[in-house]
Amino acid sequence: VFEIVREGRGGLVVPYRFVSPGIHTMRVQARVEDSVQEFGPTVVVNDPDAIRLVRSSRIPGNDPLLGGLAIDSELFLSGWTDDRLYRLDPADLAVQEAVEFPPGTRKLEGVAVLESAGLLAVAEESFRIHVLRLQDLRPERVIELGDAAPGGGDLVYLLPLSDGVVANLLGPALVDVQSGNVLRRREIERMVHFQLSSDEELLAVAQNELSEPGASNTVLLLTTSDLSIRWSTDLPVPPWRVAFSPGGDRVYVLAADVTAGHLVFFVLSEAGEILSQTIVEGQAGLPTGAAPVAVSADGRFVAFSTFSGLYVVDTDLHLVRYRSEPLLGCCSVAAGPVGTRFYVAGTGVDSRGVALLEVRED
């Protein structure tokens, strides 16, 4: 039992330590005069060696790497404000090529590899999608979708489909990169993130109206065939990132309780029922990059990138199991081609680093 004495907005920080490694859960109860507030259960990770830094590299330049990150046989990274697309060797993280986009380009963000079509899609904030040939990164076409702001989020996300990409154009939009046509679209106010299931049949959406009075903080499940809503679930705190378990029977949600200053992890069933809710250690550092979620190649782990570090969900336990050092978690993440490795962009003090991390599998 730890007693924390509060005076106004201040308080005493009580240090604690678990001797044994692994996951520890505890309940936090705050007593202020005669009132009692429950904050548990809280997950505390005590296994600093579980995430190993394999190697890292610095990308030349001065601006933060908040753009997209995608991997095929090579690693692709958009440079956000420096208007460059970087092709990296996934083995040693060396920059093999830097493609500069034409003047007037406004913040390169989401990146999607369309392997079957031999294409690479790169989104601009404007909203415009550049389609390049995967082999030599020569431009194929530019898809103009108008100057619409992203649907509530600060970045433009791109997720690869078999026949195109999913983009956030005031809500999820399915775009055919060959013709440039918007095949299906649904407007969702304040959509801050979305993620595809592995079979591309479902789309999980986080809706966050943090600044609005009477705001609704909702997770929705849509079918990609017609973008109809299968279910919606209201959460007590604003959701910021969503991901599917590898089998598609769970939806993971990383939410931020900004008032209390911590992150909250939810597990939802395939019917939208809240199965569990846990507070996660670390500050409520909101995820920022254009590729903030990845599933490991073997399906064992799901990684969320945040300012507080890379949070790793064990898909066997459906629980946040590990967290990296803070500087190894921001700002975009992509799964390595095998095992439990993840590439992370935006690492380092100046946010210009790229790192390869390996999560230990018991």
Side-chain angles (χ1 to χ4, degrees), residues 68 110 112 150-153 155-162 164-175 184-210 216-256 263-278 280 286-287 289-296 299 301-306 311-313 315 318-320 332-335:
L155 295 171
V156 179
Y157 305 107
L158 284 186
L159 297 178
L161 281 169
S162 301
V165 294
V166 186
N168 52 328
L169 184 65
L170 297 176
L174 278 62
V175 182
R184 293 178 291 284
R185 177 179 173 184
R186 186 184 187 103
E187 186 169 334
I188 298 178
E189 293 184 359
R190 298 299 299 165
M191 182 185 76
V192 294
H193 187 235
F194 58 85
Q195 193 72 15
L196 274 169
S197 60
S198 58
D199 59 9
E200 300 184 357
E201 294 183 1
L202 299 173
L203 192 70
V205 173
Q207 185 183 34
N208 179 333
E209 299 180 7
L210 184 63
S216 77
N217 298 305
T218 308
V219 175
L220 304 97
L221 189 72
L222 281 64
T223 58
T224 53
S225 58
D226 58 3
L227 295 182
S228 61
I229 297 176
R230 180 173 291 186
W231 53 254
S232 65
T233 299
D234 292 331
L235 300 182
V237 292
W240 287 93
R241 297 295 180 255
V242 289
F244 285 94
S245 63
D249 60 340
R250 299 285 190 276
V251 175
Y252 301 137
V253 184
L254 194 64
L263 296 171
V264 185
F265 177 69
F266 294 88
V267 179
L268 307 184
S269 72
E270 55 188 347
E273 178 188 4
I274 298 177
L275 299 178
S276 65
Q277 171 183 340
T278 52
V280 183
L286 302 179
V293 176
V295 181
S296 65
F301 297 112
V302 174
F304 291 89
S305 63
T306 80
Y311 286 89
V312 179
V313 178
T315 60
H318 303 299
L319 189 68
V320 175
S332 289
V333 59

Quiz item: With distance as the sole criterion, is a donor-acceptor pair present between the side chains of Ser245 and Thr315 under 3.5 Å?
Solution: no
Quiz item: At their closest point, which heavy atom of Ala112 faces which heavy atom of Leu158, and how far apart are they?
Solution: CB-CB, 4.0 Å
Quiz item: If you measure from CG on Asp249 to OG on Ser197, what distance do you get to the nearest 0.5 Å?
Solution: 11.5 Å
Quiz item: So do the side chains of Leu221 and Ile229 get within less than 4.5 Å of each other, counting heavy atoms only?
Solution: no
Quiz prompt | Stepwise side chain to side chain contact (heavy atoms under 4.5 Å, CB included) test for Arg250 and Leu275 | solution = CA-CA 9 Å; Arg250 299 285 190 276; Leu275 299 178; 3.3 Å; yes
Practice problem: Would you mind reporting whether Val166 and Leu161 have side-chain heavy atoms less than 4.5 Å apart? | Solution: yes
Quiz item: Which heavy-atom pair separates Pro160 from Leu196 by the least distance, and what is that distance?
Solution: O-CD1, 3.7 Å
Quiz item: Which of parallel (below 30°), tilted (30 to 60°) and perpendicular (above 60°) describes Phe304 and Phe265?
Solution: perpendicular
Quiz item: Hey, mind stepping through His318 and Ser276 against side chain to side chain contact (heavy atoms under 4.5 Å, CB included) and telling me if it holds?
Solution: CA-CA 9 Å; His318 303 299; Ser276 65; 5.9 Å; no
Practice problem: Keeping the roles fixed (side chain from Gln195, backbone from Phe244), state whether a donor-acceptor pair exists under 3.5 Å. | Solution: no
Quiz item: Is a donor on one side and an acceptor on the other found under 3.5 Å between the side chain of Trp231 and the backbone of Glu270?
Solution: yes
Quiz prompt | Test side chain to side chain contact (heavy atoms under 4.5 Å, CB included) applied to Val205 and Val242, step by step | solution = CA-CA 7 Å; Val205 173; Val242 289; over 6 Å; no
Quiz item: Okay, side chain of Arg186, backbone of Gly171: is any donor-acceptor separation there less than 3.5 Å?
Solution: no
Quiz item: Donor-acceptor pair, Arg190 side chain versus Asn208 backbone, under 3.5 Å?
Solution: yes
Exercise. Verify, without hydrogens or angle tests, whether Ser296 (side chain) and Phe301 (backbone) share a donor-acceptor contact under 3.5 angstrom.
Key: yes
Practice problem: Identify the heavy atoms of Thr233 and Gly272 that sit nearest to each other, and give their distance. | Solution: OG1-O, 2.6 Å
Exercise. Answer yes or no: is there a donor N or O on one side and an acceptor on the other, between the side chain of Arg184 and the main chain of Ser225, under 3.5 Å?
Key: yes
Quiz item: For Pro172 and Ile188, which heavy atoms make the closest approach, and how far apart are they?
Solution: CD-CD1, 3.8 Å
Quiz item: In chain order, what residues pass the side-chain contact (heavy atoms from CB on, under 4.5 Å) check against Asp234, with sequence neighbours excluded?
Solution: Thr218
Self-check item: Ile274: which of Leu235, Val267, Val219 passes side-chain contact (heavy atoms from CB on, under 4.5 Å)
Solution: Leu235
Self-check item: Over all atoms of both residues, closest heavy-atom pair of Gly68 and Ala290
Solution: N-CB, 3.7 Å
Quiz item: If you take all heavy atoms of Leu222 and Leu227, which pair is closest and at what distance?
Solution: CD2-O, 3.7 Å
Quiz prompt | Note, Gln277 side chain near Pro236 side chain (heavy atom, < 4.5 Å) | solution = yes
Practice problem: Walk me through it: do Val320 and Tyr252 pass the test side chain to side chain contact (heavy atoms under 4.5 Å, CB included)? | Solution: CA-CA 10 Å; Val320 175; Tyr252 301 137; over 6 Å; no
Quiz prompt | Non-hydrogen side-chain atoms of Val302 and Val293 separated by less than 4.5 Å | solution = yes
Practice problem: State, with a plain yes or no, whether a side-chain heavy atom of Leu202 is found less than 4.5 Å away from one of Arg230. | Solution: yes
